[in-house]
Amino acid sequence: MSQALQELLVVLDLVDLVVYNLRGRSRASAVPRVFGGQVAAQALVAAGRTVPADRPAHSLHAYFLRTGDPGAPIVYTVDRIRDGRSFTTRRVVAVQHGKPIFHLSASFQTYEEGLDHQAPMPPSPDPDALPTSEERLRGYPHLAPEIVHRYLGARAAVDLRYVDDPPYGRFGEPRDPHSQVWFRTNGKLDSDDPLLHVVLATYVSDMTLLDSVLLAHGRGGWAVGDVVGASLDHAMWFHRPFRADEWLLYDQQSPSAHGGRGLGQARIYTRAGRLAVSVVQEGVVRVPRDRDA
């Protein structure tokens with residue numbers, strides 16, 4: 001297990017304060033604010049701590065309300081909304097400096113037998129044959145060294161491999177609003193706890209989902225400064241068990257951008273082709289105004 005992954009697991013292991021109150025800290029981000037995937041993952045940890053182990057998470061719905069301060073702790077307050085015979089529902093509010101910065105609702109369910117079908121896994125090259133993040137980033141001479149350093153540091157806990165050039169690697173002309181990324185944790189995990197693997201997938205899910213919005217307009221994104229933006233809301237459905245330390249295909253696309261917002265939709269498949277997770281996110285995506293205009 002890499003040192004970066006060990007540090008991430010520590011960040012995700014919240015400190016219990018009082019009943020249904022937990023505290024978390026932040027790690028380095030590619031942008032000068034708390035990484036949204038971290039807040040979502042920590043909130044899911046907080047909710048999961050109050051749920052029986054035999055009820056895995058099956059969905060979450062979240063809103064990013066304010067920019068998080070990476071230098072201050074985050075307090076997560078859990079509301080026990082419902083404990084039913086099959087489903088458990090929790091609401092979590094993340095607070096910094098006395099104000100809510102994030103809101104999450106999560107649902108957990110006991111295992112049941114039932115109908116089973118899935119969308120087929122799309123074609124994708126073998127992840128082991130793809131360049132690593134470091135190989136890709138260091139191959140783009142137009143990226144400033146500090147940007148490369150920041151991206152590599154923020155993603156060091158994850159082995160993340162793009163199938164094609166990411167938006168910041170090749171931009172200027174619109175491309176198909178479709179992006180594929182293979183990912184797994186940068187090292188094997190000692191735990192078989194389903195919540196940990198779901199939490200880690202939640203963390204990674206916020207890293208690249210809006211890439212397809214940028215591709216549709218030939219924009220390079222935050223790394224090159226031709227857009228500004230942030231996540232607005234995020235939803236995930238966990239369909240089938242998976243391990244975050246084994247290769248997962250993140251197949252992403254954007255059906256729409258309008259009104260300063262862009263929508264990303266995605267499916268996460270195991271290497272064996274099982275549909276594990278569905279994800280939808282909307283974010284602010286704005287073109288910076290010309291200051292001389």
Side-chain angles (χ1 to χ4, degrees), residues 1-13 24-31 33-45 60 70 124-140 143 147-169 179-212 221-223 231 234 236 238 242-252 264 266-271 276-277 279 281:
M1 183 185 297
S2 68
Q3 179 66 29
L5 179 56
Q6 293 178 27
E7 293 172 357
L8 174 59
L9 294 178
V10 171
V11 167
L12 296 178
D13 188 17
R25 61 186 181 89
S26 299
R27 69 187 306 270
S29 173
V31 291
R33 58 176 179 261
V34 176
F35 171 50
Q38 173 203 298
V39 183
Q42 288 179 326
L44 188 55
V45 169
L60 67 83
S124 184
D126 187 280
D128 292 318
L130 297 172
T132 65
S133 288
E134 182 169 7
E135 289 169 341
R136 277 206 184 273
L137 282 162
R138 297 200 186 281
Y140 299 131
L143 292 182
I147 294 294
V148 173
H149 178 75
R150 187 182 297 172
Y151 265 73
L152 291 177
R155 298 179 175 182
V158 181
D159 187 349
L160 189 149
R161 306 191 183 193
Y162 279 88
V163 169
D164 198 358
D165 288 306
Y168 51 79
S179 176
Q180 287 187 333
V181 173
W182 285 93
F183 73 89
R184 63 183 176 184
T185 57
N186 197 0
K188 296 297 291 184
L189 297 167
D190 297 329
S191 175
D192 295 326
D193 181 4
L195 180 63
L196 175 62
H197 294 268
V198 163
V199 162
L200 287 166
T202 300
Y203 177 83
V204 178
S205 69
D206 190 40
M207 287 183 173
T208 64
L209 187 49
L210 296 181
D211 281 359
S212 52
W222 301 270
S231 303
H234 198 84
M236 302 180 73
F238 306 103
F242 62 90
R243 290 190 64 90
D245 56 0
E246 296 178 352
W247 284 120
L248 297 166
L249 175 65
Y250 201 8
D251 188 73
Q252 305 153 93
R267 291 168 176 165
I268 299 177
Y269 293 85
T270 67
R271 197 172 189 175
V277 189
V279 192
Q281 182 183 78

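Residues: numbered from 1 along the sequence shown. What's counted below: heavy atoms across the whole structure, side chains too, no hydrogens, waters or symmetry copies. The shown structure was predicted, so the numbers you read here are calculated from the model rather than taken from an experiment.
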Residue pair Pro166 / Tyr140: nearest heavy atoms and the distance that separates them: CD-OH, 3.3 Å
Closest heavy-atom pair and its distance - Ser124, Gln180: OG-OE1, 3.1 Å
side-chain hydrogen bond (donor to acceptor under 3.5 Å, both in side chains) partners of Asp193, counting only residues at least two apart: none
Gap separating the CG atom of Asn186 from the CG atom of Asp245, nearest 0.5 angstrom: 11.0 Å
Which atom of Ala154 lies closest to which atom of Met207, heavy atoms considered: O-CE, 4.3 Å
Side chain Gln42, main chain Val11, donor-acceptor under 3.5 Å: yes
Interatomic distance, Glu135 atom CD to Leu130 atom CG [nearest 0.5 angstrom]: 10.0 Å
Rounded distance [0.5 Å steps], CZ in Arg267 versus CG in Leu248: 16.0 Å
4.5 Å side-chain heavy-atom contact, Val39 and Asp206: no
Distance (rounded to the nearest 0.5 Å) between Leu12 CG and Leu44 CG: 10.0 Å
Non-hydrogen side-chain atoms of Phe238 and Leu60 separated by less than 4.5 Å: yes
Atom pair CG (Leu137) and CZ (Arg155), whose distance is rounded to the nearest 0.5 Å: 7.5 Å
Side chain His197, main chain Ser191, donor-acceptor under 3.5 Å: yes
Tyr250: ring-ring contact (aromatic ring centres under 6.0 Å, His included) partners, not counting sequence neighbours: none
Residue pair Ser205 / Gln281, side-chain heavy-atom distance below 4.5 Å: no
For Asp251, all residues meeting salt bridge (Lys or Arg N to Asp or Glu O under 4.0 Å), sequence neighbours excluded: none
Under the side-chain hydrogen bond (donor to acceptor under 3.5 Å, both in side chains) test, residues paired with Glu134 that sit two or more places apart: Arg138
Exercise: identify the closest heavy-atom pair between Thr202 and Ala41: CG2-N, 4.0 Å
Student check: side-chain heavy atoms of Arg136 and Asp165 closer than 4.5 Å: yes
Listed partners of Ser179 passing side-chain contact (heavy atoms from CB on, under 4.5 Å), at least two apart: Tyr162, Val181, Asp211, Leu215, Gln252
Heavy atoms of other groups near Arg161 CZ, more than 12 under 6.0 Å: yes
Side chains of Leu8 and Thr185 in contact at under 4.5 Å (non-hydrogen atoms): no
Non-neighbouring partners of Ala223 that pass side-chain contact (heavy atoms from CB on, under 4.5 Å), sequence neighbours left out: Leu143, Ile147, Tyr151, Tyr168
No-hydrogen, no-angle side-chain donor-acceptor test under 3.5 Å, Asp126 and Trp247: no
Min side-chain heavy-atom separation Met1-Leu189 under 4.5 Å: yes
Under 3.5 Å: donor-acceptor pair, side chain of Thr270, backbone of Phe242: no
Interatomic spacing from CZ in Arg150 to CG in Leu152 - rounded to 0.5 Å: 12.0 Å
